[in-house]
There are 2 protein chains.
Amino acid sequence: MRRLPARRPTIRDIARRAGVSESAVSFALNGRPGVSEGTRERVRRVAEQLGWQPSTAARALSGEGSATVGLVLARPARTLGVESFFLQLVSGVQEALALRGLGLLFQVVEDVTAECAVHRRWWAEHRVDGLLVVDPRADDPRPALLAGLGLPTVVIGAMDDPAWEARPDAALSNLWADDAAAMDSVVGRLDALGHRRVAHVAGLGELAHTRRRGAALRRAAERHGLHVTSVTTDYSDAQGAEATRRLLAAPDPPTAVVYDNDVMAVAGLAVAARRGLSVPSDLSIVAWDDSVLCRSTHPPLTALARDTAAFGRRAAEELIALLDGGPARRTRDATPRLVERASTGRPVGRGAADSR
Amino acid sequence: MRRLPARRPTIRDIARRAGVSESAVSFALNGRPGVSEGTRERVRRVAEQLGWQPSTAARALSGEGSATVGLVLARPARTLGVESFFLQLVSGVQEALALRGLGLLFQVVEDVTAECAVHRRWWAEHRVDGLLVVDPRADDPRPALLAGLGLPTVVIGAMDDPAWEARPDAALSNLWADDAAAMDSVVGRLDALGHRRVAHVAGLGELAHTRRRGAALRRAAERHGLHVTSVTTDYSDAQGAEATRRLLAAPDPPTAVVYDNDVMAVAGLAVAARRGLSVPSDLSIVAWDDSVLCRSTHPPLTALARDTAAFGRRAAEELIALLDGGPARRTRDATPRLVERASTGRPVGRGAADSR
DNA sequence: CCAACACACTAAAGCGCATTAGTCGTTGAC
DNA sequence: GTCAACGACTAATGCGCTTTAGTGTGTTGG
């Protein structure tokens, strides 16, 4: 009834039109030796004029790979569509991939088990040439799986050292940001402002970076002689708010809270406002990951900023390097920097810095 | 040096193991007649045991299609990674696609021209079987292009009637929400609260739904005898804030503002707070599209809520129906409903409803 | 008892491209 | 002047799967 054919041109069409064999066309179009410059040029023109594009399916079949990389997000749907992080990351990833004509196959699943299944399927189906893995976690099954399948992979985010070293000689690179250093800068600043009790509203406990941040916080606090509390959440606004309520209800509430994402920080701010606390004099707030959100609240939030799109772009570039046969490597990205806005300041009242 | 082979099993392996021909395997696995139940079962077991998965590349080559649908987002990078809308939409889309083993090829580009180029390339490369198109706009070149290419497509969002009717007998469906009705409900409510001057901070002027909302607002305002102002923006927090400042600086500022997305609404709220205006008594705020954002501010924002993930799911289902050879059709999704929170109320002072 | 016909299955071709193994006409070297 | 080497191409094969056209066997009916 519909679907007017609109047949795609194939190299065969080009061959006929240019009066050469299909192989000559293939050579010409792929820059292989074996055709004269004249013929090459002629073939190119015909291809252009016919609007020819290579069929990725055919290419993939004849061993070239599918010109596609995969990215799967394993997060419960509930905590999704919230953080700006992923869309920005993806947007950066694409920028780099598009330059090479690589497509991005994207999927959202509930958990890591499902993610592994997807990886396995994609591999078996020849769908992807490489993978981007996000949210590395403790006892992460993915690096081993992908190494076993021989799929070039870039893990985005700090992996635990054992996980990194355990990987065999696989095509597995890692791009990480120094969360510990970033946390240090936060704690140092809070200490300088006179805070003595700092809380950390952390993200999912299984994630490697959650642990790193927590550990860094404890170390830094010890160095500075601060008291710290930590609560883990699922990154949702609900749990961010709930954690804030709990922290503030404690007998000796913190005067500063560091949130592991922007959404929870904003939720925390709202809780403080509802309780009549003034930010920053009663409570200082720091958000991990800057975004529009942080800039739009009142007061705007101090945040650990990084260029997420650039992060994604670099990750994609690492993967491309791997795809080109380059060596696996571990690269450190820029450390998030503390952007101070109006949500942090000296604590006053409510038994703040006086205990020093 | 690396990349341990780990060859994927093919139907040939299955055939050998099961002691039948490759064609028999193909028939057995695809539920085609021509094999006995016993053989079919045996083949299935062997395939299972070998962990076989069909190669999409090979499938695509032999005419079955690539088992992939495409979605490209044409938005300047700046306004991206902001709204929760897209990630949620995508997450819903996937849920439906995954049930059918369809992959989602995703790309972000700067503008519609680039989007068309991507569509064309995907088509020529045999990469996708169908497409999801978002943000229909006035004089949209995409429906005609895709109809011409014969790619089954679902346009997500209200298309202008001419655009819809002009489409030839192509595999082009449309899923839309009644923004006009939603706008009516907002205006009705604001009128009932006593507002007389309402402003609309709209999104990109080229988008069809921006125009529809604007037109609906004007009609409704006329019906209710209200005065309306409208400003178009690029959806960014910066322009949302700027528009708000301009509106509030006017000689006869509005007492209620409807923002075309959550980000701008939050930015507007911050502007109001900075100017010392109290929300809602000095200014009522309504956000189009509900999200964590709206719930997390203080006061929380009244918003037009809809189930975006479900919207995406339905869109994907429409596309699957099309892929299955179903007829093109136009479907109306649920109308966004007004969720009243603390950011709307009766206007007081500042020359509010007294002029009635 | 043989033709007609199901039935279960195999052989072979084709999808679009890359690649390997030729083929053929020139050149260059000795 | 002859032979090897080279450049410019073409022919043929394979990738993994679907599909069409057989093939051979057993059953049925006249």
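Below, chains carry the letters A, B, ... as their sequence lines are ordered, and counting in each starts from 1.
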Out of [options], which nucleotide sits closest to the side chain of [X]?
{"X": "B/Phe27", "options": "D/dT18, C/dT20, D/dT19", "result": "D/dT19"}
{"X": "B/Leu61", "options": "C/dC15, D/dT18, D/dC17", "result": "C/dC15"}
{"X": "B/Ser36", "options": "D/dT10, C/dC9, C/dG14", "result": "C/dC9"}
{"X": "A/Thr39", "options": "C/dC17, D/dT20, D/dC9", "result": "D/dC9"}
{"X": "B/Ser23", "options": "D/dG14, C/dT10, D/dT18", "result": "C/dT10"}
{"X": "B/Glu64", "options": "C/dG16, C/dT10, D/dT18", "result": "D/dT18"}

Indicate whether OP1 or OP2 belonging to [N] is found under 4.0 Å from a side-chain N or O atom of [X].
{"X": "A/Trp52", "N": "C/dC17", "result": "yes"}
{"X": "B/Arg32", "N": "D/dT18", "result": "no"}
{"X": "A/Ser26", "N": "C/dA18", "result": "yes"}
{"X": "A/Ser55", "N": "C/dG16", "result": "no"}
{"X": "B/Ser62", "N": "C/dC15", "result": "no"}
{"X": "A/Arg12", "N": "C/dC17", "result": "no"}

What is the distance, rounded to the nearest whole Å, between atom [atom1] of [X] and atom [atom2] of [N]?
{"X": "A/Ile14", "N": "D/dC9", "atom1": "CD1", "atom2": "P", "value": "16 Å"}
{"X": "B/Arg127", "N": "C/dG16", "atom1": "CZ", "atom2": "P", "value": "17 Å"}
{"X": "A/Glu22", "N": "C/dG14", "atom1": "CD", "atom2": "P", "value": "12 Å"}
{"X": "B/Asn30", "N": "C/dC9", "atom1": "CG", "atom2": "P", "value": "16 Å"}
{"X": "A/Arg59", "N": "D/dG14", "atom1": "CZ", "atom2": "C1'", "value": "17 Å"}
{"X": "B/Ile11", "N": "D/dT19", "atom1": "CD1", "atom2": "C1'", "value": "11 Å"}
{"X": "B/Leu29", "N": "D/dG16", "atom1": "CG", "atom2": "P", "value": "16 Å"}

So what does [X] hit on the nucleic acid, given a heavy-atom distance under 4.0 Å: a base, only sugar-phosphate, or nothing?
{"X": "A/Val20", "answer": "sugar-phosphate"}
{"X": "B/Pro54", "answer": "sugar-phosphate"}
{"X": "A/Thr10", "answer": "sugar-phosphate"}
{"X": "B/Gly63", "answer": "nothing"}

- Task: Taking only Lys NZ, Arg NE, NH1 and NH2, and the carboxylate oxygens of Asp or Glu, determine whether A/Glu48 and A/Arg45 approach each other closer than 4.0 Å.
- Result: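 Here A/Glu48 does not pair with A/Arg45 in a salt bridge, since their nearest N and O are not under 4.0 Å apart.
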
- Can you name the nearest heavy-atom pair linking B/Arg120 to B/Leu149, along with the distance?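 Nearest pair, atom of B/Arg120 first, then B/Leu149: CA-CD1, 4.2 Å.
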
- What's the shortest heavy-atom distance between B/Arg8 and A/Trp123, and which atoms?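 Residues B/Arg8 and A/Trp123, closest heavy atoms: NE-O, 2.8 Å.
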
- Message: One pair to check against side-chain contact (heavy atoms from CB on, under 4.5 Å): B/Ser66 and B/His126. What are the steps and the verdict?
- Response: CA-CA 7 Å; B/Ser66 53; B/His126 277 264; 5.8 Å; no

- Upstream residue (5' side of DNA chain C) when B/Ala58 and B/Arg40 are each assigned their closest nucleotide: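 Checking each residue's closest nucleotide, the 5'-ward one belongs to B/Arg40.
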
- Do the side chain of B/Asn174 and the main chain of B/Gly157 share a donor and acceptor less than 3.5 angstrom apart?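 The answer is yes, because a donor-acceptor pair under 3.5 Å joins these two groups.
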
- Item | The single option from A/Arg75, A/Gln107, A/Arg142 passing side-chain hydrogen bond (donor to acceptor under 3.5 Å, both in side chains) against A/Glu115 |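 Among the candidates, only A/Arg142 passes.
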
